[in-house]
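Each chain gets a letter, A, B and so on, in the order its sequence line appears, and its residues count up from 1.
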Protein chains: 2
Amino acid sequence: MSERVVADGERRRRRPTKRGTVLSEELIVETALRLIGEHGAAALTVRRLGTALGADPSALYRYFHDTDDLLLAVADELIGRTLRSWRATGEWRADLRSLGLRIHADYQAHPQAAVLTCTRVTGRVHEMRSVETILGILRGAGFPDAEAVRIYHVFVDQTLAFAALDATVLTLPRESRTLEERTWRERYARLGPDTHPQVAATAPILVAEMGRSAYPAALEMMLAAAEARLRHVRA
Amino acid sequence: MSERVVADGERRRRRPTKRGTVLSEELIVETALRLIGEHGAAALTVRRLGTALGADPSALYRYFHDTDDLLLAVADELIGRTLRSWRATGEWRADLRSLGLRIHADYQAHPQAAVLTCTRVTGRVHEMRSVETILGILRGAGFPDAEAVRIYHVFVDQTLAFAALDATVLTLPRESRTLEERTWRERYARLGPDTHPQVAATAPILVAEMGRSAYPAALEMMLAAAEARLRHVRA
DNA sequence: CACCTTATGACAACGCCGTTGACGCACTGG
DNA sequence: CCAGTGCGTCAACGGCGTTGTCATAAGGTG
């Protein structure tokens, strides 16, 4: 191979593919996101992406070193979109809540990219700006520095951890997911009170609860605990 | 296919493979865990597992419907190992705390497997016993059913999510991990108070805090919020 | 012990996947 | 308008999960 993966701006000759589309890094990333959104996470393969672009799959290797490189580009685009659409209100609980829920939701809209991205420290502009933003919210609310940093850490890692967890579930093939749902509905709901009294006593509530993400509830508990700490500090 | 996947106990004829090993569900799961531990999560393929067992890959389909089914068995074995070493004290906060920390620690001892299995609902024996245990702790503490189920969900998902997040970091190749950390520190050290005042004001605390897992702090905040709810319910 | 049934391991094949090297067309700089 | 080369295309490789078929040994039955 010619080992030539070049930044999009330095590209010299844009030759249309056999089906007439003109490739670009941006178009490829957008198409990848569209594929994920339309046909599920499993639809994102190099071959299918090539087909969707009307190009030979191997053409993509002129733009990205490998699949991982492509997914990172997709992830970076995601981070940008998320940050771009957030607005601060000035009330610390409302701001943390909306920021957390927005990150969680945006990542779940593109689970494949989220799973790969969540655990990586990018050190890029967007990430550093988010650190600054969240720390500002907490210190502005009156948390002492050590407390603010600790809560920042919990908030960020909890949000990313849940985003990755919930995204992983969405990444599973459809059969596995419906299987899990049925596992709760059928197997757990039918456990006898003699062997599993706790489950048997709460079965309907369990089935309803396990069908959704625990992140909103976890976030609320975290915010409540933080507010209690804040009152304690101020007293 | 004969569509015959039979529980391990009901197996009638144990024929040794060409290389002499006698297969069993247990042996397959153990070998899978060993493969993951020795060569990373990516090493777990049906073909390699077959080779490691000295059997034809297709022989595994007599024991598990497909790769997903096998993965669920591996996940359940992990849960079982963790539960086997835990003891209840009778005080709900202490019990949840020790259980959470133990799960988190045990999963990080097998990071490769944790990443692969954290998100799966297995519906198998060990998992069902863990649900029963945790629900028992919460309802025994006096939480009403709906509240107990909600807190159970938050507790479990938060623990697994952090376990997977922290395990993923351990999974990264050593070089990229140290590289990321160094880049991160250098970038944050360079941030001036003019552009990033919040980070600049807390830099030393930040560096110290980000070096460890946020799970213990997150767990404490969750327990504090739960106790507040409990007091509210009782009043 | 001999026989029959059948569970179960082996084999070969299918259709995916990511990735790469060789090739040659068409675009761009001169 | 020509030359050089950037980049899309083609073909192929090796690996993957999975399945249909076959053969063989285990184990009940007499």
Side-chain angles (χ1 to χ4, degrees), chain A residues 1-25 27-28 31-32 35 39-72 74 112 116 171-176, chain B residues 1-25 27-28 31-32 35 39-74 116:
Chain A
M1 282 296 272
S2 38
E3 184 60 35
R4 301 230 51 86
V5 175
V6 144
D8 209 36
E10 304 163 14
R11 201 160 285 274
R12 312 259 301 271
R13 306 178 182 188
R14 317 198 91 109
R15 168 136 76 121
T17 71
K18 215 162 198 184
R19 284 222 332 256
T21 55
V22 175
L23 296 182
S24 70
E25 197 177 311
L27 177 64
I28 295 173
T31 307
L35 262 190
H39 303 106
L44 188 61
T45 72
V46 175
R47 296 177 112 95
R48 271 197 272 245
L49 182 52
T51 305
L53 284 161
D56 188 274
S58 64
L60 304 185
Y61 290 90
R62 302 276 180 211
Y63 294 80
F64 304 95
H65 293 94
D66 50 27
T67 314
D68 195 65
D69 194 19
L70 165 65
L71 278 171
L72 283 184
V74 172
Q112 179 114 356
L116 244 115
T171 297
L172 298 175
R174 174 164 302 172
E175 316 117 20
S176 307
Chain B
M1 281 294 276
S2 36
E3 186 60 36
R4 300 230 49 85
V5 175
V6 143
D8 208 37
E10 304 163 15
R11 200 159 286 275
R12 314 256 303 271
R13 308 175 182 187
R14 316 201 91 110
R15 168 137 77 122
T17 71
K18 218 164 196 186
R19 284 223 332 257
T21 55
V22 175
L23 296 181
S24 70
E25 195 177 312
L27 176 64
I28 295 173
T31 306
L35 262 190
H39 304 106
L44 188 61
T45 71
V46 175
R47 296 176 112 95
R48 269 199 274 246
L49 183 51
T51 305
L53 285 161
D56 188 273
S58 65
L60 304 186
Y61 290 89
R62 302 279 179 209
Y63 295 81
F64 304 95
H65 293 95
D66 50 26
T67 315
D68 195 66
D69 193 20
L70 165 64
L71 215 55
L72 291 185
V74 172
L116 232 51

Interface residues of residues 45-54 of chain B with DNA chain D (non-hydrogen, below 4.0 angstrom) = Thr45(B), Val46(B), Arg47(B), Arg48(B)
Does Arg14(B) reach the main-chain N or O of Ser24(B) with its side chain, forming a donor-acceptor pair under 3.5 Å?
-> no
Please check the phosphate of dT8(C) (OP1 and OP2 only) for any side-chain N or O of Tyr63(B) closer than 4.0 Å.
-> no
Could you check how far CG of Asp56(A) sits from C1' of dG24(C), rounded to whole Å?
-> 14 Å
First encountered from the 5' end of DNA chain D, between Pro16(B) and Thr17(A) = Thr17(A)
Compare side-chain N and O positions of Ser58(B) against OP1 and OP2 of dC11(C) and report whether any pair is under 4.0 Å apart.
-> no
Bracket string, DNA chain D, 5' to 3' - pairs by Watson-Crick or G-U geometry under 3.5 Å, | interstrand = ||||||||||||||||||||||||||||||
Rounded to the nearest 0.5 Å, how far apart are CZ of Phe64(A) and CG of Leu71(A)?
-> 9.5 Å
Separation of dA10(C) atom P from Tyr61(B) atom OH, nearest Å, is 15 Å
Please state how far atom CZ in Phe64(A) lies from atom C1' in dG18(C), giving the value in whole angstrom units.
-> 16 Å
When you look at Tyr61(B) and Val46(B), which way does the side-chain contact (heavy atoms from CB on, under 4.5 Å) test go after all the steps?
-> CA-CA 9 Å; Tyr61(B) 290 89; Val46(B) 175; 3.8 Å; yes
Quick one: label Ala59(A) by what it contacts on the DNA or RNA (base, sugar-phosphate, nothing), any heavy atom closer than 4.0 Å.
-> base
Where the side chain of Asp66(A) is concerned, which of dT19(C), dC23(C), dG17(D) is the nearest nucleotide?
-> dT19(C)
From dC10(D), dG9(C), dG8(D), nucleotide with atom closest to Leu23(A) side chain = dG8(D)
Rounding to a whole Å, what distance do you find between Leu70(A):CG and dG18(C):P?
-> 10 Å
Rounding to a whole Å, what distance do you find between Leu71(A):CG and dC17(C):P?
-> 15 Å
Closer than 4.0 Å, any side-chain N/O of Lys18(B) to the OP1 or OP2 of dC11(C)?
-> yes
Picking from dT8(C), dT19(C), dC25(C), the nucleotide nearest the side-chain atoms of Arg15(A) would be dC25(C)
Rounded distance [0.5 Å steps], CG in Leu44(B) versus OG1 in Thr67(B) | 8.0 Å
Whole angstrom is fine here: how far is it from CG in Leu44(B) over to P in dG15(D)?
-> 17 Å
Pairing residues for Pro16(B) by the side-chain contact (heavy atoms from CB on, under 4.5 Å) criterion, not counting sequence neighbours = Val22(B)
Is Arg14(B) side chain donor-acceptor paired with the dT8(C) base, going by distance under 3.5 Å alone?
-> no
Tell me, with the steps shown, if Leu60(A) and Leu49(A) meet side-chain contact (heavy atoms from CB on, under 4.5 Å).
-> CA-CA 9 Å; Leu60(A) 304 185; Leu49(A) 182 52; 3.8 Å; yes
Taken to the nearest whole Å, CZ/Arg62(B) to P/dT24(D) is 15 Å
Separation of Leu60(A) atom CG from dT9(D) atom P, in whole Å?
-> 10 Å
